[in-house]
Participant: 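The structure is given below, and queries will be raised subsequently.
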Amino acid sequence: MNTRPPSRTGKKSPVLDHGRRTVIDFASPTVARILDAAESLFAENCFAGTRIDDIAAMAGVNKATLYYHIGGKEKIYEVVLYRHIKTFADVLEKRLEGHDDPVEGLLEIVRHHAEAAIADDRASRTVAHELAGGSPRMTPAIVAEYARVYAATVRVMTAGAASGRLRRINPSLAHLLLAGPLFISAINRPSRPLLFGHELLKGQAKPSLEALAAFLEQVVRDFLALPPES
């Protein structure tokens with residue numbers, strides 16, 4: 001995604017093209033500041049509500065520096081989404097290695113979604129905004145990484161159904177059941193104080209991500225899991 005393909009002569013593409021980098025230097029402190037600022041702004045305001053000037057101001061650079069290191073708003077947004085989803089998929093697949101019990105595998109999927117959102121919900125909210133908006137900026141590279149996340153649930157549910165440890169339901173429904181509430185919780189976080197401050201909800205506790213994760217784990221144990229065959 002972040003590099004150009006080799007030329008037909010077999011030579012590597014140049015690092016610079018018309019004064020702009022062709023390869024993003026993720027080790028650069030400047031790139032780190034740009035992506036950190038962009039992640040915060042996209043999470044709060046989504047893509048449409050974020051201006052390139054706002055990213056530059058928060059990162060403490062000028063717009064020329066953004067274009068030199070990464071590109072325009074569209075490219076920065078693409079990099080933020082891609083990096084988050086790819087990292088998420090990499091870690092999820094690693095966590096599922098060695099889980100022979102499909103029930104435990106499904107619980108691990110819930111925990112990974114929840115822990116990622118609890119640790120830093122900015123990227124989760126940006127992904128949630130994108131999905132809620134119909135995914136207009138999900139490039140093929142981003143879709144391929146997101147498919148890995150979806151496929152993890154499909155593999156666990158398929159294996160669980162075959163072994164009699166999980167109910168035979170559409171694996172896609174299971175993924176939406178378990179991941180969907182966490183995405184919704186991430187995207188509506190800013191509205192929760194207003195919602196639970198309304199007189200109709202007086203006395204109701206605002207549900208935390210931790211409480212939601214515990215509830216979804218209970219859904220796995222009480223609804224999706226089946227007792228081992230005797």
Side-chain angles (χ1 to χ4, degrees), residues 1-95 112-133 135-149 152 182-183 186-187 189-190 209:
M1 170 186 167
N2 300 321
T3 59
R4 293 187 174 187
S7 65
R8 293 182 180 180
T9 61
K11 296 180 180 179
K12 292 183 179 179
S13 300
V15 174
L16 295 179
D17 181 16
H18 296 89
R20 295 182 182 178
R21 292 188 62 90
T22 62
V23 180
I24 298 174
D25 179 11
F26 290 107
S28 163
T30 301
V31 170
R33 287 203 315 276
I34 293 169
L35 293 179
D36 186 63
E39 198 164 47
S40 295
L41 290 167
F42 288 139
E44 288 297 326
N45 307 316
C46 71
F47 178 84
T50 298
R51 300 184 310 152
I52 193 74
D53 302 82
D54 298 330
I55 298 173
M58 182 174 280
V61 300
N62 56 37
K63 287 196 291 185
T65 301
L66 297 184
Y67 287 108
Y68 168 76
H69 282 284
I70 302 176
K73 186 174 82 165
E74 193 97 27
K75 181 63 176 179
I76 294 171
Y77 184 77
E78 176 188 332
V79 172
V80 167
L81 278 180
Y82 179 86
R83 289 189 79 203
H84 169 67
I85 297 175
K86 183 182 187 307
T87 300
F88 188 95
D90 288 344
V91 176
L92 177 59
E93 289 176 352
K94 190 70 176 175
R95 289 181 69 153
H112 182 51
H113 276 84
E115 288 167 13
I118 291 167
D120 185 352
D121 73 350
R122 293 178 304 167
S124 296
R125 289 168 62 201
T126 299
V127 173
H129 282 307
E130 180 66 17
L131 296 177
S135 308
R137 294 174 181 82
M138 292 277 275
T139 66
I142 295 172
V143 170
E145 296 304 321
Y146 188 57
R148 293 172 58 202
V149 177
L182 290 163
F183 272 122
I187 201 171
R189 182 181 66 83
L209 278 171

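This structure is a prediction, so every number in the text was calculated from the model and none was measured.
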Participant: Does the side chain to side chain contact (heavy atoms under 4.5 Å, CB included) test come out yes or no for His113 and Val149, once each step is laid out?
Facilitator: CA-CA 10 Å; His113 276 84; Val149 177; 4.0 Å; yes
Participant: So, Arg148 side chain and Leu92 main chain: donor-acceptor pair closer than 3.5 Å or not?
Facilitator: no
Participant: Is any side-chain heavy atom of Val80 closer than 4.5 Å to a side-chain heavy atom of Phe47?
Facilitator: no
Participant: Can you tell me how far apart OG1 (Thr126) and CD (Glu44) are? Round to the nearest 0.5 Å.
Facilitator: 9.0 Å
Participant: For residues Glu78 and Ile142, report the shortest heavy-atom separation together with the two atoms involved.
Facilitator: O-CD1, 3.8 Å
Participant: Side chain to side chain contact (heavy atoms under 4.5 Å, CB included), that's the test. Do Glu130 and Phe42 meet it? Break it down for me.
Facilitator: CA-CA 10 Å; Glu130 180 66 17; Phe42 288 139; over 6 Å; no
Participant: Quick check for you: to the nearest 0.5 Å, what is the distance between Leu66 atom CG and Ile55 atom CD1?
Facilitator: 6.5 Å
Participant: Between atom OG of Ser124 and atom CD1 of Ile85, what is the distance when rounded to the nearest 0.5 Å?
Facilitator: 10.0 Å
Participant: For a quick test of reading the model, state the closest non-hydrogen atom pair linking Arg33 to Gly60 and the distance between them.
Facilitator: NH2-O, 4.4 Å
Participant: Grab the two heavy atoms, one from Ala43 and one from His129, that are nearest each other, plus how far apart they are.
Facilitator: O-NE2, 3.1 Å
Participant: Before you tell me yes or no, could you show the steps for Asp90 and Lys86 under salt bridge (charged side-chain N to carboxylate O under 4.0 Å, His left out), namely the whole-Å CA-CA distance, both residues' side-chain angles and the distance that decides it to 0.1 Å?
Facilitator: CA-CA 6 Å; Asp90 288 344; Lys86 183 182 187 307; 2.9 Å; yes
Participant: Which residue, Val61, Ile76, Val31, forms the side-chain contact (heavy atoms from CB on, under 4.5 Å) with His69?
Facilitator: Val31
Participant: Compare every heavy atom of Leu81 with every heavy atom of Arg137, then report the nearest pair and how far apart it is.
Facilitator: O-CD1, 4.5 Å
Participant: Taking NZ, NE, NH1 and NH2 as the nitrogens, is one of them in Arg95 or Glu115 under 4.0 Å from a carboxylate oxygen of the other?
Facilitator: yes
Participant: How close do His112 and Phe88 get, counting heavy atoms only, and between which atoms?
Facilitator: NE2-O, 3.0 Å
Participant: Which is it for Arg122 and Asp36 under the side chain to side chain contact (heavy atoms under 4.5 Å, CB included) test, yes or no, and what are the steps along the way?
Facilitator: CA-CA 10 Å; Arg122 293 178 304 167; Asp36 186 63; 2.9 Å; yes
Participant: Using 0.5 Å steps for rounding, measure from the NZ atom of Lys75 to the OG1 atom of Thr139.
Facilitator: 8.0 Å
Participant: For the residue pair Ile52 and Lys73, what are the closest heavy atoms and their distance?
Facilitator: CD1-N, 3.5 Å
Participant: Compare all side-chain heavy atoms of Tyr146 with those of Leu131 and state whether any distance is below 4.5 angstrom.
Facilitator: yes
Participant: Going by the side-chain contact (heavy atoms from CB on, under 4.5 Å) test, name the single residue among Asp25, Thr65, Ile34, Thr30 that passes it with Ile70.
Facilitator: Ile34
Participant: Mind checking the CG-CG spacing from Asn62 to Asp53? Nearest 0.5 Å is all I need.
Facilitator: 11.0 Å
Participant: Roughly how far, to the nearest 0.5 Å, is CD1 of Ile24 from CG of Leu35?
Facilitator: 7.0 Å
